[in-house]
Amino acid sequence: MAHEIATSDEPVLLVEEMEHVRLITLNRPRQLNVISSNMVSLLAENLEKWEKDDKAELVIIKGSGRAFSAGGDLKMFYDGRKSKDSCLEVVYRMYWLCHHIHSYKKTQVALVHGLSMGGGASLMVPMKFSVVTEKTVFSTPEASIGFHTDCGFSYMLSHLPGHLGEFLALTGARLNGKELVAAGLATHFVPLEKLSDLEKRLVSLNSGDANAVKAAIEEFSVTVQPDEESVLNKQSTFDECFSKDTVAEIINSFEAEAKKEGNGWIGPVLKGLKRSSPTGLRITLRSIREGRKQTLAEALKKEFRLTINVLRSTISEDVYEGIRALTIDKDNAPKWNPPTLDEVDDEKIDLVFKPFAEDLELKIQENEELRWDGKYECSAYPSFKATE
């Protein structure tokens, strides 16, 4: 398993148990609380323990510092690029955990300020209550670096109104707190200055009763609407452009819209879209479209296949080139291979979506009594690793 390099003696996850309340703090503030292998394991361990503990009723999760979580640890992926399946374990554990977060039996509240991106947002959106502020920033920018929309977001985004999901997944466009509530990706907006008071109120409530928790949050929340210039007010444009069958057709349609009066906002978005990995865009669009017809479990199993194939460079090394350009060399000049959408082979795209052998698929139990089964250590993968 790829392990993050320790930068301090601080634990990556802080856990407090207070009578009926359990408080989790993501604690890698200097790294914007990116999700590490150790963090995933600790989250899963504690969440399983608390779901089975009758005394635990309310789980609160927040981030330390100026971010909630900026997503997966890209440096961990990059550093493991030369070692076969070095990140397979953390990917398996994370996607398996995502399903359990969605279906968790205790009341969960996410208190979200700052960045909440990609996999980090998978600790926000599925919660019973997700509280955002004027400083919250959400995005799913994976396609731009040669990756794909993962951690259940091929399912979650595909179920947004119209073709908003395709727009967010392909462009990595950012949404603020007001927009997240309006889009249904968060439940409440609380001004940042009141967030710590809300946390204290929830702890003092000492109950997981959903109605009581909701009432407590509403003591601090305010009703908000997206600003007039919000991208959410461009739904007709999304539905016109991002309903097209292919990425190339989407870009052509978006270009045509950009020429119309009042559509100056499209220019910067279009520029970013055109700079993204052609392979990442192709995989992402198909994944979102499939997610619309899949269950969450089916979407996560598909995302697991995609991620493992992408990290294995099955059809392209774009993800490592994208990470290099963004976070390693920081030259923001990735050289994609292939460099254009026309050169991305359909058969190669089919290849990364192809199901694995049954014993190598992500194991998600549909039987509620066995819902915590299917862990990585019970899969076929550890035995393969032991024989290498």
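None of these values were measured; they are calculated from a predicted model.
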Task: pair Thr237-Trp265: side-chain heavy atoms closer than 4.5 Å - done: yes
- [ ] Calculate, to the nearest 0.5 Å, the distance between atoms CG and CE belonging to Leu123 and Met39 respectively.
- [x] 8.5 Å
- [ ] Would you kindly confirm whether Tyr95 and Leu311 end up in one hydrophobic cluster when ILVMFWY residues are joined by side chain heavy atoms under 4.5 Å apart?
- [x] yes
Open item on the list: Closer than 3.5 angstrom, by distance alone: can the side chain of Tyr320 be matched with the main-chain N or O of Asp79 as a donor-acceptor pair?
Closed with: no
- [ ] Going by the side chain to side chain contact (heavy atoms under 4.5 Å, CB included) test, name the single residue among Leu42, Val90, Asp73 that passes it with Ser37.
- [x] Val90
Task: Hydrophobic cluster membership, Val59 vs Leu202, 4.5 Å side-chain cutoff - done: no
TODO: Indicate yes or no for a side-chain donor-acceptor contact from Thr136 to the backbone of Thr133 under 3.5 Å, with no hydrogens or angles considered.
DONE: yes
Task: Within 6.0 angstrom of Arg312 CZ, more than 12 heavy atoms from elsewhere - done: yes
Open item on the list: Looking at every heavy atom in both Asn263 and Glu257, which two are closest together, and how far apart are they?
Closed with: ND2-O, 2.7 Å
Task: Any donor-acceptor N or O pair under 3.5 Å, side chains Asn33, Ser69 - done: no
Task: Considering all heavy atoms, the nearest Asp373-Gln365 contact - done: CB-CG, 3.7 Å
TODO: Answer yes or no for Arg286 and Phe353: cation-pi contact, defined as NZ/CZ to six-membered ring centre under 6.0 Å and angle to ring axis within 45°.
DONE: yes
- [ ] Tell me, with the steps shown, if Ser103 and Arg371 meet side-chain hydrogen bond (donor to acceptor under 3.5 Å, both in side chains).
- [x] CA-CA 9 Å; Ser103 55; Arg371 64 185 252 97; 2.8 Å; yes
TODO: Determine, step by step, whether Ser277 and Asp318 satisfy the side-chain hydrogen bond (donor to acceptor under 3.5 Å, both in side chains) criterion, reporting the C-alpha distance in whole Å, the side-chain angles of both residues, the deciding distance to 0.1 Å, and the verdict.
DONE: CA-CA 7 Å; Ser277 159; Asp318 273 7; 2.8 Å; yes
Open item on the list: So does Glu45 get a backbone contact from the side chain of Glu48, meaning a donor-acceptor N/O pair under 3.5 Å?
Closed with: no
TODO: Using modelled atom types only, decide if a donor and an acceptor are shared between the side chain of Glu361 and the backbone of Pro355 within a distance under 3.5 Å.
DONE: no
- [ ] Spell out, as yes or no, whether a donor-acceptor pair under 3.5 Å connects the side chain of Ser158 to the backbone of Arg292.
- [x] yes
TODO: Check Met117 against Val137 and note the closest heavy-atom contact, atom names and distance.
DONE: CG-O, 4.3 Å
Open item on the list: With no hydrogens and no angle check, just 3.5 Å: does a side-chain donor-acceptor pair link Trp50 and Glu57?
Closed with: no
Task: Residues Ser154, Lys302; criterion side-chain hydrogen bond (donor to acceptor under 3.5 Å, both in side chains); working and verdict - done: CA-CA 9 Å; Ser154 72; Lys302 170 201 64 188; 3.0 Å; yes
Task: Approximate separation, where rounding is to 0.5 Å, of His100 NE2 and Trp372 CH2 - done: 5.0 Å
TODO: Taking Asp150 for its side chain and Thr307 for its backbone only, find out whether a donor-acceptor pair lies under 3.5 Å.
DONE: no
TODO: Examine Ile101 and Phe68 and state if one hydrophobic cluster contains both, with Ile, Leu, Val, Met, Phe, Trp and Tyr joined whenever side-chain heavy atoms are less than 4.5 Å apart.
DONE: yes
- [ ] Please check if Ile349 and Leu351 belong to a single hydrophobic cluster, counting links between Ile, Leu, Val, Met, Phe, Trp and Tyr side chain heavy atoms closer than 4.5 Å.
- [x] yes
- [ ] Answer yes or no: is there a donor N or O on one side and an acceptor on the other, between the side chain of Ser287 and the main chain of Ile283, under 3.5 Å?
- [x] no
Open item on the list: For Phe129 and His188, take the angle between the two ring planes, folded into 0 to 90°, and tell me which bin it lands in: parallel under 30, tilted 30 to 60, perpendicular over 60.
Closed with: tilted
- [ ] Using a 4.5 Å cut-off on heavy atoms from C-beta on, say whether the side chain of Lys178 contacts that of Asp227.
- [x] yes
- [ ] Please answer whether the main-chain N or O of Ser86 pairs with a side-chain N or O of Ser83 as donor and acceptor at a distance below 3.5 Å.
- [x] no
- [ ] Rounded to the nearest 0.5 Å, what's the gap from CD on Glu303 to CD on Glu290? Could you check?
- [x] 10.5 Å
Task: Gap separating the CZ atom of Phe242 from the CD1 atom of Ile250, nearest 0.5 angstrom - done: 6.0 Å
Task: side chain to side chain contact (heavy atoms under 4.5 Å, CB included) assessment of Glu368 paired with Lys105 - done: CA-CA 11 Å; Glu368 281 297 305; Lys105 305 304 181 187; 2.6 Å; yes
Open item on the list: Regarding Asp239 and Gln235, do their side chains bring together a donor and an acceptor under 3.5 Å, going by distance alone?
Closed with: yes
Open item on the list: On a heavy-atom basis, which atom in Leu326 and which in Ile145 lie closest, and how many Å separate them?
Closed with: CD2-CG2, 4.0 Å
Open item on the list: How long is the straight-line distance from CG of Leu88 back to OH of Tyr376, given to the nearest 0.5 Å?
Closed with: 6.0 Å
Open item on the list: Any side-chain to backbone donor/acceptor pair from Ser253 onto Glu249? Under 3.5 Å, distance only.
Closed with: no
Task: Glu19 and Asn206: side chain donor to acceptor below 3.5 Å - done: yes
Open item on the list: Quick one: does any side-chain atom of Glu142 pair with a main-chain N or O of Phe147 as donor and acceptor, under 3.5 Å?
Closed with: no
Task: Ile217 with Val132, same ILVMFWY side-chain cluster at under 4.5 Å - done: no
Open item on the list: Would you call the rings of His159 and Tyr155 parallel, tilted or perpendicular, taking 30° and 60° as the class edges?
Closed with: tilted
